[in-house]
2 protein chains.
Amino acid sequence: MISSVQKISRILNCFTKDEPALGNLQIAEKLNMNASTVHHLVRTLCSEGILIQDSQKKYRLGWKLLEWSNHVMYQQDINTEALPLCEGLVRRFNTTVHIGMLDSGEVRFVLRVASSNSVPVPTFIGDTKPAYCTSTGKVLLSFNPSMIKPTISRGLLRRAPNTITCVEKLKDELSSIRANGYAISNNENELGLYGIAAPIKSYTGQTIAALNMVGPVSYMLGQDTPYMIHHVVKTAESISKELGYISVL
Amino acid sequence: MISSVQKISRILNCFTKDEPALGNLQIAEKLNMNASTVHHLVRTLCSEGILIQDSQKKYRLGWKLLEWSNHVMYQQDINTEALPLCEGLVRRFNTTVHIGMLDSGEVRFVLRVASSNSVPVPTFIGDTKPAYCTSTGKVLLSFNPSMIKPTISRGLLRRAPNTITCVEKLKDELSSIRANGYAISNNENELGLYGIAAPIKSYTGQTIAALNMVGPVSYMLGQDTPYMIHHVVKTAESISKELGYISVL
DNA sequence: TGGTGTAATTTCATAATATGAAATCTCTTA
DNA sequence: TAAGAGATTTCATATTATGAAATTACACCA
């Protein structure tokens, strides 16, 4: 049994950066659904502003999604408080900056800031990545120890040359991250990427999110890395100070 | 007959800035729907990431909406190209800046930039306002003459002391806006607000959106208004140059 | 510890809505 | 202007959503 919610979700998922506009038949084919069924759904989605139909009769994601996304709680706070600080980092280092949160034992990216100068990095808002082999995830785990066991129990698969696949080594790594106040990931999740992450804390002291800056290994190591780390940590601290409290995820 | 799309849309619309978290019964009451019906929908919405359930069992808008909103076509381009320029305006003048597009004869705001220093202005992304009595709308109308007639035919209601309610006067106003390259709205739509708007054009020369800067009348007239206008126009031109082409709405 | 109240969640027979094959419309291209 | 491709509509039927009532979960308090 497939519910209407799932059908709608699938339809909206058809639209991507590479295919921002789709015709009725294109959607129906992609989803292996009947064209008239899709048509009914798509028409109603249009009438709600969730899709719009452009001049070539292709459908596109609509303004209603913008409206809703602006009410997503953490997004509100992040836009007001964290965005300008993240943009500062991007400008200073020509990198890509993310904010990630733990979601069911994985890292979910809720903010991404890059510019046309940023060294390109393939990440997307809403994506998840494993927690044990990303700088963001390791920060979140080290400051949320209750999540360590469930993460480990799913297994530590090798994903890149330096992935930590030994439970004991991971625990040691998380301890030193907790001690240092930041995490590094160098070729641990994706070949060629180097990330720095630091905790963002609420007023209760709980680490609710992590600030992350990524770039190609060669680029990042060609910079003054300690200086970068210092700025990531300081920025995360500023965000923590400003954010106050977020209760979600 | 009420479709599943509408039901879902209504549920998501329940979540606002003021009520970012709602329980099952709260939603059911608001919508006058059966609690178990709402529950079924809400559960599936959670499993798709469209809602999330927080630690107090309240539901909130979820990360999936962020993901989709990032694929909304104009949002992509606007975030990359226009956002930094808008932020520059906000910083320089301590105002609130919008980008609006024509949508079925009304102005739909697709971007809003403000800061904690901005003089507060009550506007929201996704909102619509009448075209004939807002600076943004007047710019869009004056550069898209085919929309003038349908707008007028809905009537020109007085909404504030200076609303233009005479068709001839509006046509004159639109001509001079076309000649000047910018529009002013002073107490025309909302009491106490003063707006400046300038056209954003695609490479075809078509005006596809308008840049708008608003503030309280007293604040705006206390500044160097011509200087502000100059900057709004210049910024809109820069965005036009960068944006290239947007085909939606 | 147990009792009470509130809200979330589940169940399942029934009511209501979604489905899809085929017909029709609407462009675009030759 | 004819042919083709895709969008759109129709309507009898299949499928899914609905909601009253039962159950569970949990917080608060004596």
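Below, chains carry the letters A, B, ... as their sequence lines are ordered, and counting in each starts from 1. Just so you know, these numbers come straight off a predicted model, no measurement behind them.
B:K129 is linked by a salt bridge (Lys or Arg N to Asp or Glu O under 4.0 Å) to B:E190, counting only residues two or more places apart in sequence or in another chain. With sequence neighbours left out, A:Y132 forms a ring pair (Phe, Tyr, Trp, His ring centres under 6.0 Å) with no residue at all. B:E19 pairs by the salt bridge (Lys or Arg N to Asp or Glu O under 4.0 Å) definition with B:K30, not counting sequence neighbours. Contacts of B:E29 classified as salt bridge (Lys or Arg N to Asp or Glu O under 4.0 Å), with partners at least two apart in sequence or in another chain: none. Every residue two or more places apart in sequence or in another chain was checked for a salt bridge (Lys or Arg N to Asp or Glu O under 4.0 Å) with A:K7, and none qualifies.
Residue A:Q53 places at least one side-chain N or O closer than 4.0 Å to OP1 or OP2 of D:dT8. For B:Y59 and C:dT9, the shortest distance from a side-chain N or O to OP1 or OP2 is below 4.0 Å. Within the 4.0 Å cut-off from OP1 or OP2 of C:dA18, at least one side-chain nitrogen or oxygen of B:S4 is found. Considering only side-chain N and O atoms, A:H39 lies under 4.0 angstrom from the phosphate OP1 or OP2 of D:dT8.
The C1' atoms of five pairs define one axis at each end of the helix from C:dT1-D:dA30 to C:dA30-D:dT1, and these two axes lie 50° apart (to 10°).
Straight-line distance from the NZ atom of B:K58 to the P atom of C:dT6: 14 Å, rounded to whole Å. Atom CG of A:N24 is separated from atom P of C:dC27 by 16 Å (rounded to the nearest Å). Whole-Å rounding puts the B:L51 CG to C:dA8 C1' distance at 15 Å. Atom CG in B:L41 sits about 14 Å away from atom P in C:dT10, given to the nearest Å. The interatomic distance linking A:R43 (CZ) with D:dG6 (C1') rounds to 14 Å, in whole Å. In this structure, the CD atom of A:Q6 is 17 Å from the P atom of D:dT15, given to the nearest Å. Rounding to whole angstrom units, CD of residue B:Q26 and P of C:dT6 are separated by 15 Å.
Taking for each of A:L25 and A:K7 the nucleotide of DNA chain D with the nearest heavy atom, the 5'-most of the two is the partner of A:L25.
Screening residues 33-46 of chain B for salt bridge (charged side-chain N to carboxylate O under 4.0 Å, His left out) gives no qualifying pairs among residues at least two apart or on separate chains.
No side-chain donor-acceptor contact under 3.5 Å links B:T16 and B:D18.
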Every protein N/O lying under 3.5 Å from an N/O of nucleotides 19-25 of chain D:
unit_1 : atom_1 : unit_2 : atom_2 : d
D:dG19 : OP2    : B:T37  : OG1    : 2.9
D:dG19 : N7     : B:S36  : OG     : 2.5
D:dA20 : OP2    : B:N34  : ND2    : 3.4
D:dA20 : N6     : B:S36  : OG     : 2.8

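For the pair B:T151 (side chain) and B:M147 (backbone), a donor-acceptor distance under 3.5 Å is present.
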Under 3.5 Å, sequence neighbours excluded: what are the donor-acceptor pairs made by side chains of residues 133-143 of chain A?
unit_1 : atom_1 : unit_2 : atom_2 : d
A:T134 : OG1    : A:P130 : O      : 3.0
A:T134 : OG1    : A:G137 : N      : 3.1
A:S135 : OG     : A:N212 : ND2    : 2.9
A:T136 : OG1    : A:N212 : ND2    : 3.4
A:K138 : NZ     : A:E173 : OE2    : 2.7
A:K138 : NZ     : A:I184 : O      : 2.8
A:K138 : NZ     : A:E188 : OE1    : 2.9
A:K138 : NZ     : A:E188 : OE2    : 3.1
A:S142 : OG     : A:K138 : O      : 3.3
A:S142 : OG     : A:V139 : O      : 3.0

